[in-house]
Amino acid sequence: AVWPLIALARQAHPCWREVPTRADKLAMSSVHRTRVAILGSGWGAVQLLKNLSPSKYAITVVSPRNHMLFTPMLPSASVGTVNPRSICEPIRPLCAAVGARYYEAFAEQILPEQQIVRCRSLRDEEFPLRFDRCVVAVGYRANDFNLPGVKDHALFMKETKDATRFREHLLTKLEEASYAHALGDNMEARIRQLCSVVVVGGGPTGVELAAEVTDFVSSDIKRLYPHLFQYISVHLVEGMPTLLNHLQDAGLREYAVSHISKTQGVKLHLQEFVSEATGSELRLKSGRVIPYGTLVWCAGVKPVPVIQALDLAKTANGAQLLTDANMRVKGQPQIFAIGDCAQIEGNRLPQTAQVAKQQAQFLAGELNAGEAFRSPFVFKSLGSMAYLGSNRGLIADSPLVRQIRGRLAWLGWRSAYWGMQLTMRSRLAIASDWLSTSLFGRPVVRFGQCSVEAEQPPRAARERQVLATGMPAVNGSHAEQVADPWMSAPQVGVTPSLELATLAAMANGVPASMSRPKSHLP
């Protein structure tokens, strides 16, 4: 019974497909193939890579990220509902399936006349990449709007590492809040601040992140941190009067606001704009101040540096490359652009994954057909979905139904995203994660320090500072972050203050027998 499943997996996963023999490779190399450089590893880039004919095109992919991230499920990965690796599709197997090359590097500049892309590796090494056709699919990056403190203190939710960083940060704050009461009296304000999560941005990412966090709180934190549950709060800040403003149906927007605020318990701050972020407070232009332990910025995007540096046709605000209906950049017959970084002249489309996917499939089909471009690209909307928490969601403008809300929409949301995975590996991994979460809850494991850091506790650093200078180290100094592994633990019965005093006396030349008071304990 297992062998049919294995056979199905072999057909579905690119890395298990039949590898060309050496004779096949020699035959392919003897025939001239058009060189195509694909910049990026997002939805558009991966779909183009999968659909281009390897017998006609020698494909090279350039991206600093060696996988395609299934961004709609990034909020789920940020709290452990699914494993981040489950929603990442590695580029290498996809390249191996079509004989393409992959360079883990940044595309810094495109020279149309020379047909060269200047690339920079992650080790800061430059190299040129020649092309006959270049497809720009670099997407967008998070935008902090140059607001004071946002870049320094906020977390973002755009890349794979953002999800893992958020989860580690949130668990760190929970552990800090767990021992805060032992530091002294009147620590309630600090505990509430550490347990406060603030999400800025009322779009799909911000709403779904707030929903996932509140699910995490009600299902897992309440059980594992019962002493902190009453102090936890989740805030959502949005400049518009409502949430999910991309939805056409006002009834669905009202449903989202009602469910997020009443059922999930998220504190909404609508029609509020951020003025500044400090290390522990988010300050709004209205004068309100929201203390936080975790701040996540999900508001706005901006072009990546290579788009800003290109001297090609762009939109009026310079944020996107301007293309014709065939995805060709205006005035550049050899350069194409798809996805979030491009806009068709006179046809502004939403910056979503389904747009990038359809554009890539259209472009691949036309390139495989000899670049005839007999008909222009036409986008067919498949609707939009959002998860609202507590196994509830909404679906709008679907080809099948106009709108769905509630548990049925949540089932549709999960089914659609599960089916949109590129390989059977990802589908099995996500299904396994969902099953594990439903049975055992979300994991709260922190990976913590590496072995070297674990050997250097902050206390030893303070002791070394006393030995060196005779003065205790101050909070936040470099001495607190570096320590010697040979430092022994304090002796039983000697308080930390007496231990430091003894070390200070030794640093000034006083014998230990004269400086150390006798312990009253055996």
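What you see is a predicted model; the values in this text were computed from it and never measured.
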- [ ] Check the pair Trp297, Phe145 against side chain to side chain contact (heavy atoms under 4.5 Å, CB included), reporting the backbone distance first and the verdict last.
- [x] CA-CA 11 Å; Trp297 193 266; Phe145 300 100; 4.0 Å; yes
Open item on the list: Measuring only between side-chain heavy atoms, which start at C-beta, is Val207 closer than 4.5 Å to Ile260?
Closed with: yes
- [ ] Would you check if the side chain of Asp324 reaches a backbone N or O of Met327 as a donor-acceptor pair within less than 3.5 Å?
- [x] yes
Task: Under 3.5 Å side-chain donor-acceptor pair for Thr278 and His153 - done: no
TODO: State, to 0.1 Å, how close Cys134 and Ile110 come at their nearest heavy-atom pair, and which atoms those are.
DONE: SG-CD1, 4.1 Å
TODO: Taking only Lys NZ, Arg NE, NH1 and NH2, and the carboxylate oxygens of Asp or Glu, determine whether Glu108 and Arg120 approach each other closer than 4.0 Å.
DONE: yes
Open item on the list: Other residues, nucleotides and ligands only: do more than 12 of their heavy atoms fall within 6.0 Å of CG on Asn186?
Closed with: no
Open item on the list: Main chain of Val296, side chain of Tyr292: is a donor-acceptor contact present, judged purely on distance under 3.5 Å?
Closed with: no
TODO: Looking only at non-hydrogen atoms, find the nearest pair between Ala256 and Leu244 and report the distance.
DONE: CB-CD1, 3.8 Å
Task: His181 atom NE2: more than 12 heavy-atom contacts under 6.0 Å - done: no
TODO: Compare every heavy atom of Glu345 with every heavy atom of Lys330, then report the nearest pair and how far apart it is.
DONE: NZ-OE1, 2.9 Å
Open item on the list: Could you check whether Lys151 pairs with Asp144 (Lys NZ or Arg NE/NH1/NH2 to Asp/Glu carboxylate O, under 4.0 Å)?
Closed with: no
Task: Partner of Asn326 under side-chain contact (heavy atoms from CB on, under 4.5 Å), chosen from Phe336, Phe377, Phe373 - done: Phe373
TODO: Taking the side chain as every heavy atom from C-beta outward, state whether Leu312 and Gln332 have any atom pair closer than 4.5 Å.
DONE: yes
Task: Residues, nucleotides or ligands: over 12 heavy atoms within 6.0 Å of Arg223 CZ - done: yes
Task: Test item: Phe216 and Val444 side chains (from C-beta on) under 4.5 Å apart, heavy atoms - done: yes
Open item on the list: Given 3.5 Å as the limit, does a donor-acceptor pair link the side chain of Thr437 with the main chain of Asp433, or not?
Closed with: yes
Open item on the list: Just so I know, are the side chains of Cys195 and Lys173 near enough to count as touching, which here means a heavy-atom distance under 4.5 Å?
Closed with: no
TODO: Could you check Leu295 against Leu155 for side chain to side chain contact (heavy atoms under 4.5 Å, CB included), going step by step and ending with a plain yes or no?
DONE: CA-CA 6 Å; Leu295 173 63; Leu155 305 176; over 6 Å; no
Open item on the list: How close do Leu39 and Ala107 get, counting heavy atoms only, and between which atoms?
Closed with: CD1-CB, 3.9 Å
Open item on the list: Between Leu268 and Leu243, is the side chain to side chain contact (heavy atoms under 4.5 Å, CB included) condition met? List the steps.
Closed with: CA-CA 10 Å; Leu268 296 181; Leu243 303 176; 4.2 Å; yes
Task: Distance-minimising heavy-atom pair for Leu252 and Leu394 - done: O-CD2, 3.9 Å
Task: Spacing of Ile221 atom CD1 and Leu228 atom CG [to the nearest 0.5 Å] - done: 8.5 Å
Open item on the list: With heavy-atom distances below 4.5 Å as the criterion, would you say the side chains of Leu284 and Ser275 are in contact?
Closed with: no
Open item on the list: Measuring from atom CD of Gln264 to atom OG1 of Thr214, what distance do you get when rounded to the nearest 0.5 angstrom?
Closed with: 3.5 Å
Task: Any pair counted as salt bridge (charged side-chain N to carboxylate O under 4.0 Å, His left out), so long as it reaches residues 390-417, sequence neighbours left out - done: Asp249-Arg402
Task: Side-chain donor/acceptor of Ser258 to backbone N/O of Glu254, under 3.5 Å - done: no
TODO: Say whether Ser426 and Glu89, considering side chains only, have a donor N or O and an acceptor N or O under 3.5 Å apart.
DONE: yes
Open item on the list: With a 4.0 Å cut-off on N to O distance, would you call Glu371 and Arg328 a salt bridge?
Closed with: yes
- [ ] Please check if the side chain of Trp413 supplies one atom and the backbone of Ile395 the other of a donor-acceptor pair under 3.5 Å.
- [x] no
TODO: Please say whether more than 12 non-hydrogen atoms of neighbouring residues, nucleotides or ligands are located less than 6.0 Å from CZ in Arg141.
DONE: yes
TODO: Look at the side chain of His259 and the backbone N and O of Gly389, then say whether any donor-acceptor pair between them is shorter than 3.5 Å.
DONE: yes
- [ ] Determine whether Phe156 and Phe166 make a side-chain contact, defined as any pair of heavy atoms from C-beta on separated by less than 4.5 Å.
- [x] no
Task: Residue pair Arg133 / Gln334, side-chain donor-acceptor N/O under 3.5 Å - done: yes
Open item on the list: What's the separation between atom OG in Ser196 and atom CD1 in Ile191, rounded to the nearest 0.5 Å?
Closed with: 13.5 Å
- [ ] Determine yes or no for a side-chain-to-main-chain donor-acceptor pair under 3.5 angstrom, with Ser218 supplying the side chain and Asp215 the backbone.
- [x] yes
Open item on the list: Looking at Asp152, I'd like to know if its CG atom is crowded, meaning that more than 12 non-hydrogen atoms belonging to other residues, nucleotides or ligands lie closer than 6.0 Å.
Closed with: yes
Open item on the list: I'd like to check Lys158 versus Thr205 (side-chain heavy atoms, cut-off strictly below 4.5 Å). Are they in contact?
Closed with: no
- [ ] Would you please name every residue forming a ring pair (Phe, Tyr, Trp, His ring centres under 6.0 Å) with Phe70, sequence neighbours left out?
- [x] Trp43, Tyr417
Task: Passing option when His235 is tested against His269, Lys267, Glu272 for side chain to side chain donor-acceptor pair (under 3.5 Å) - done: His269
Task: Short side-chain donor-acceptor distance under 3.5 Å, Ser63 and Glu104 - done: no
Task: From Leu270, Val266, Val213, residue fulfilling side-chain contact (heavy atoms from CB on, under 4.5 Å) relative to Leu236 - done: Val266
Task: Pairs where residues 160-172 contributes a residue and the test salt bridge (charged side-chain N to carboxylate O under 4.0 Å, His left out) is met, not counting sequence neighbours - done: Glu168-Arg446
Task: Any donor-acceptor pair under 3.5 Å from Thr294 side chain to Val197 backbone - done: no
Open item on the list: Can a donor-acceptor pair be found, under 3.5 Å and without considering hydrogens, that links the side chain of Asn51 to the backbone of Ala364?
Closed with: no
Open item on the list: How long is the straight-line distance from CD of Glu238 back to CG of Asn245, given to the nearest 0.5 Å?
Closed with: 5.5 Å
- [ ] Hey, could you give me the CE/CG distance between Met187 and Leu194, rounded to the nearest 0.5 Å?
- [x] 8.0 Å
TODO: Using distance alone, with no hydrogens and no angle criterion, decide if Ser53 and Asn368 have a side-chain donor and acceptor under 3.5 Å apart.
DONE: no
TODO: Determine whether Glu276 and Leu147 make a side-chain contact, defined as any pair of heavy atoms from C-beta on separated by less than 4.5 Å.
DONE: no
Task: Side-chain donor-acceptor pair present, Tyr231, Gln193, cut-off under 3.5 Å - done: no
Task: Lys380 backbone acceptor or donor facing Gln358 side chain under 3.5 Å - done: yes
Open item on the list: As a quick check of understanding, evaluate side chain to side chain contact (heavy atoms under 4.5 Å, CB included) for Leu349 and Ile344, giving each step before the final call.
Closed with: CA-CA 8 Å; Leu349 298 173; Ile344 299 175; 4.2 Å; yes
Open item on the list: Testing the basics here: between Val62 and Cys119, what is the closest heavy-atom pair and its distance to 0.1 Å?
Closed with: CG1-SG, 4.0 Å
TODO: Examine the side chains of Ser76 and Thr81 and answer whether a donor and an acceptor come within less than 3.5 Å of each other.
DONE: no
TODO: Report the distance from atom CG of Asn391 to atom CH2 of Trp410, rounding to the nearest 0.5 Å.
DONE: 4.0 Å
